[in-house]
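Here's the structure, in structure tokens; my notes come after.
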Protein chains: 2
Amino acid sequence: MLRRLLKSDTADSDRASAIEPCAKGPTTKELILDAAEELLQRRSYNAFSYQHIAVQLGIRNAAIHYHFPSKGDLGTALIRRYRERYQNYIRQIESGTTDPREMLQGFFKIYLEYLDAGDMVCPGGVLGAEFTSIPCSMQEETRLMLREIYEWLISVLLRGRDSGQLRFGGTPEGKALEIGCALQGALQIARCTDKDRFHLVLQQIEADLKPV
Amino acid sequence: MLRRLLKSDTADSDRASAIEPCAKGPTTKELILDAAEELLQRRSYNAFSYQHIAVQLGIRNAAIHYHFPSKGDLGTALIRRYRERYQNYIRQIESGTTDPREMLQGFFKIYLEYLDAGDMVCPGGVLGAEFTSIPCSMQEETRLMLREIYEWLISVLLRGRDSGQLRFGGTPEGKALEIGCALQGALQIARCTDKDRFHLVLQQIEADLKPV
DNA sequence: GTCTATAGATCGATAGAC
DNA sequence: GTCTATCGATCTATAGAC
């Protein structure tokens, strides 16, 4: 249902590369990460517990602690996996097109998927809002995640401006941050009111970037 | 230290309007709201407890429950008071200038104060991120708060565009949402990385609005 | 690798004295 | 209006059997 874009593929890479068909599904560890990730974006970090995950997966509290000794370990692993999938998604986009506008659409698509999943905000938004009350290791991973996200977005805007396909004043750094922050905030606002608010923001961003 | 802009004045209105000087400070109830508001923007709703407030004010847990029976009551009262102060601030701005650009600066100032206070995000950002895990009454107040904030911002942009002092494509509704969401997200990003990120976003917003 | 059982801490909330 | 004392729930985490 979720993670269609930022799809995990570590399950396959972990499996033996035997020739015979291996129909083994995702491991418990991955299922825990899946559940935790969705709970993070739906309820926030401080508002979900091991119990939520245990009930959802039909396992016991202690089973989760076996894979992730502390909740901070789980949260840190969650962001790290998110970062890896994000890099894969970027590579996929970069290998599929050279048009910065299409790349930007790929970026927007991530947020649109959160929106369509219903009541989900982006990881950066939750972790930013709860930043002072999450473990240090999670704070570190959050910083890395944000750095990587904006590094790529800046490069897309830079290429778009150079080719004349995107138009904006100020700096690519400023514009990338403005766009990312607006989308992050828009998911939060949309959750409080209605989905249309997000689309309004998205339309505004696109209108601002349109060459004359 | 805080709330210089959105300063509470209910303390004075509650006092008897006698002629003799009344040096009575803010009531305990107001001090509780002050502490809760700062904790909300610093730690988020789910990450602060009555204990935090009690220690900070040098009172006991039960004393807070006397003024606010449940934590949801406290949270709801907090947002309601915020809304009232916000309306006062808007009225103050409207009575001080007719220049939409100055009004916008007044709007930006709110966020700049949160930034300068250190590690604070805006109420809308926290409540949006934790929206699904806060009481219904708080959700309702949050919706009202957002409605009022953007209603005014839209009117400012509309007047600015009509007078030619502000320039932007799309609709005033879309632009207002984009600006508000960008500032909300920027406070969260700045908290994760560094304050300069917020100023970058602010500069970008201002550059986008500048008439040619 | 998952279970039962439980420790230890914190939290929201209430009763009743002063 | 604030206090002491405490209850019940929930949460993170661990020990040990299977």
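In what follows, every chain begins at residue 1, and chains take the letters A, B, ... in the order their sequences are listed.
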Counterpart residues, side-chain contact (heavy atoms from CB on, under 4.5 Å), relative to S49(B) (two or more places apart):
Q51(B), H52(B)

Whole-Å distance between dC11(D) P and F68(A) CZ?
19 Å

According to salt bridge (Lys or Arg N to Asp or Glu O under 4.0 Å), does anything in residues 135-145 of chain B pair up with another residue at least two apart or in another chain? List the pairs.
R80(B)-E141(B), R83(B)-E141(B), E140(B)-R143(B)

From OH of Y50(A) across to C1' of dA5(C) the rounded distance in Å is 19 Å

Audit row: K175(A), E178(A), salt bridge (charged side-chain N to carboxylate O under 4.0 Å, His left out) steps and yes/no
CA-CA 5 Å; K175(A) 195 64 189 177; E178(A) 185 195 30; 2.9 Å; yes

Atom pairs under 3.5 Å, N or O on each side, protein against nucleotides 1-4 of chain D: can you list them with distances?
residue, atom, partner, partner atom, Å
dG1(D), OP2, Y66(B), OH, 2.1
dT2(D), OP1, T28(B), OG1, 2.8
dT2(D), OP2, H67(B), NE2, 2.7
dC3(D), OP2, R60(B), N, 2.7
dT4(D), OP2, R60(B), NE, 3.2

Only pairs under 3.5 Å count here: list side-chain donor-acceptor contacts from residues 120-127 of chain B, not counting sequence neighbours, and write none if there are none.
none

side-chain contact (heavy atoms from CB on, under 4.5 Å) against R60(B), all qualifying residues, sequence neighbours excluded
none

Who are the side-chain contact (heavy atoms from CB on, under 4.5 Å) partners of A47(A), not counting sequence neighbours?
R43(A), S44(A), N46(B), S133(B)

Near DNA chain C, under 4.0 Å by heavy atom, which residues of residues 69-78 of chain A?
none

Could you check how far CD of Q51(B) sits from C1' of dC11(C), rounded to whole Å?
9 Å

Applying ring-ring contact (aromatic ring centres under 6.0 Å, His included), can you list everything that pairs with F131(A), at least two apart in sequence or on another chain?
none

Nearest-angstrom distance from the residue atom NE2 of H65(B) to P of dT14(C):
7 Å

Could you work out, with side-chain contact (heavy atoms from CB on, under 4.5 Å) as the rule, every residue matching I154(A), not counting sequence neighbours?
P172(A), E173(A), A176(A)

Ion pair check, R81(B) and D34(B), cut-off under 4.0 Å:
yes

Enumerate the residue pairs fulfilling ring-ring contact (aromatic ring centres under 6.0 Å, His included) with a member in residues 177-209 of chain A, sequence neighbours excluded, ordered by first and then second residue.
none

Which residue pairs pass the ring-ring contact (aromatic ring centres under 6.0 Å, His included) test with at least one member in residues 56-98 of chain A, sequence neighbours excluded?
Y50(A)-H65(A)

Using the C1' atoms of the five pairs at each end, what is the angle between the end axes of the helix from dG1(C)-dC18(D) to dC18(C)-dG1(D), to 10°?
0°

Would one find a side-chain N or O of S49(B) under 4.0 angstrom from OP1 or OP2 of dT10(C)?
no

